[in-house]
K.L.:
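Structure incoming, see below.
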Amino acid sequence: MSDHASYSLYRVPLNARLSLFNVTLIRIGQMTSLSQFMLGAMLGHAMTFEQAMIATLCGTLILELLSLGLGIAGAKEGLSISLLSRWCGFGRLGSALVGIIIAVSLLGWFGIQNSILANSLNYSTNNWFGFSWAAIISGLTLTTLVAFGVKALNWTAKISVPLFSLVVGWIFFLLVKDHNIINLITTTPSGTAMGLSAAITAVVGGCMTGAFTTPDISRYCQSSKHVFWMTLTSIIIGEFIVNGIAILIAHALNTHDVVTIMGQTAGWIGLLTVILSAIKINDLNLYSSSLGVASAVEGLTGKKLSYVWLTITLGCIGTILSVLGILEEFVTFLTFLGILFPPIIGVMLIDYYIIHTNRKLLDCSRQTGELPSLTSIPLVGWNAIISCLLGSVVGATTDFGIPSLNSLLSASIAYWLLCTFLTKK
């Protein structure tokens, strides 16, 4: 795939936009992932059903607002999140930092998903490969697939999303058949208890990267209305349905291990679902990671990297992370994402919808399908950087409320005050 065809450093033109069905299917594929199922199982293993669903509801409200705000901006401008951040307060080098943060977080997700896939291969072959070799084989195979870009995302989503839905539905049917649902809902969890604040942060962290990279998908939407239905539909299915079923399954089987759940209840079909789902979500992880690094390098050096070779390099790094055991740090990873990303999103939303720092530049250049000149923006958007650092510190150090929401609000307010004060001065 050529670099221009992937639109990693360009606006997506209107004639390249996809139908609502296709973009929604890709988004649902992102939200109905193994990591989402694993998050629900983790909540079910540590909380009652009522507590877990309250955490899911609170986290989902935050995610939908952030996804919709960024998604509409991405669709209107036809830009990925990395490019959009250049003209939303961060400047040329600041946006490069955003791209690097995206790449690092998504490579972490790639490593986690690849670890699950490697465990599935081991489980299905009676540990014939061994975890390390299984992780290497699966990681390099996925990397090769993602080099084909957004068409590969659409292709894998069309296969894995229906299969994942069918298997989860089948597992739920067996659950209803063999267990009393009321008893499962009222079951006391057997795992280490988790507080509501920590659970909400985990829910937000579990989908925060997806919310943050919404423009990477929504730039293929034809209108803001399509963005609304895409985000709403995917969150309802991914958060409430998948999470709810996973919580009940964790109560029934007394485990949060996804491979064990799929293998014990659905046999080889369940393991096949694990494999295809890992392929599907890691397509998106590597795709957005490549966009982030491409934007960062171009912003720092002016050079345009090859999309294909960049994807291969990042895939190898993600594979190494899985071999090193990143799956063991899943909860810590979610908490980190739940605090790191909200400040960046808050700054971008305040800048795009309220401050309007570069809206005139974006509006004028959008008419020609080009990007504004890099000379039109500052090298570093210090207001944005300072606000994000402040928001992350507040989210990490405050003991009250929801950390992810604390970091979001503090960064947003700080950025608005800095921009307003400096403008008046």
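The figures that follow rest on heavy atoms only: side chains count, while hydrogens, waters and symmetry mates do not. One-based numbering along the sequence shown.
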K.L.:
With sequence neighbours excluded, what pairs up with Tyr352 under the ring pair (Phe, Tyr, Trp, His ring centres under 6.0 Å) test?
P.N.:
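Tyr352: no ring pair (Phe, Tyr, Trp, His ring centres under 6.0 Å) contacts found.
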
K.L.:
By the salt bridge (charged side-chain N to carboxylate O under 4.0 Å, His left out) test, which pairs, at least two apart or in different chains, include something from residues 366-387?
P.N.:
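Qualifying pairs, neighbours excluded: Glu77-Arg366, Asp363-Arg366.
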
K.L.:
Are Ile101 and Phe212 packed together at the side-chain level, in the sense that at least one heavy-atom pair is separated by less than 4.5 angstrom?
P.N.:
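With C-beta onward as the side chain, the pair stays apart.
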
K.L.:
Within the structure provided, determine whether Val293 and Thr313 are in side-chain contact (heavy-atom separation under 4.5 Å).
P.N.:
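No, their side chains stay 4.5 Å or more apart.
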
K.L.:
How about Tyr415 and Ile355: do any of their side-chain heavy atoms sit closer than 4.5 Å?
P.N.:
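Contact flag for Tyr415/Ile355 side chains = yes.
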
K.L.:
Taking the side chain as C-beta and beyond, is there a heavy-atom pair between Arg86 and Leu79 under 4.5 Å?
P.N.:
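A side-chain contact under 4.5 Å is absent here.
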
K.L.:
side-chain hydrogen bond (donor to acceptor under 3.5 Å, both in side chains) between Ser218 and Arg27: does it pass, once the steps are laid out?
P.N.:
CA-CA 9 Å; Ser218 71; Arg27 181 71 173 185; over 6 Å; no

K.L.:
Any side-chain heavy atom of Ser407 within less than 4.5 Å of one from Val394?
P.N.:
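Side-chain contact under 4.5 Å: no.
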
K.L.:
Compare all side-chain heavy atoms of Met194 with those of Leu43 and state whether any distance is below 4.5 angstrom.
P.N.:
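Heavy-atom side-chain distance check passes, below 4.5 Å.
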
K.L.:
Just verifying a value: how many Å separate Phe341 CZ and Leu408 CG, rounded to the nearest 0.5 Å?
P.N.:
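One finds 13.5 Å between CZ of Phe341 and CG of Leu408.
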
K.L.:
In chain order, what residues pass the side-chain contact (heavy atoms from CB on, under 4.5 Å) check against Thr60, with sequence neighbours excluded?
P.N.:
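Partners of Thr60 by the side-chain contact (heavy atoms from CB on, under 4.5 Å) criterion, ordered by chain and then number, come out as Thr56, Ile235, Glu239, Phe240.
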
K.L.:
Within the structure provided, determine whether Val204 and Leu405 are in side-chain contact (heavy-atom separation under 4.5 Å).
P.N.:
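Result no, sub-4.5 Å side-chain heavy-atom pair not found.
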
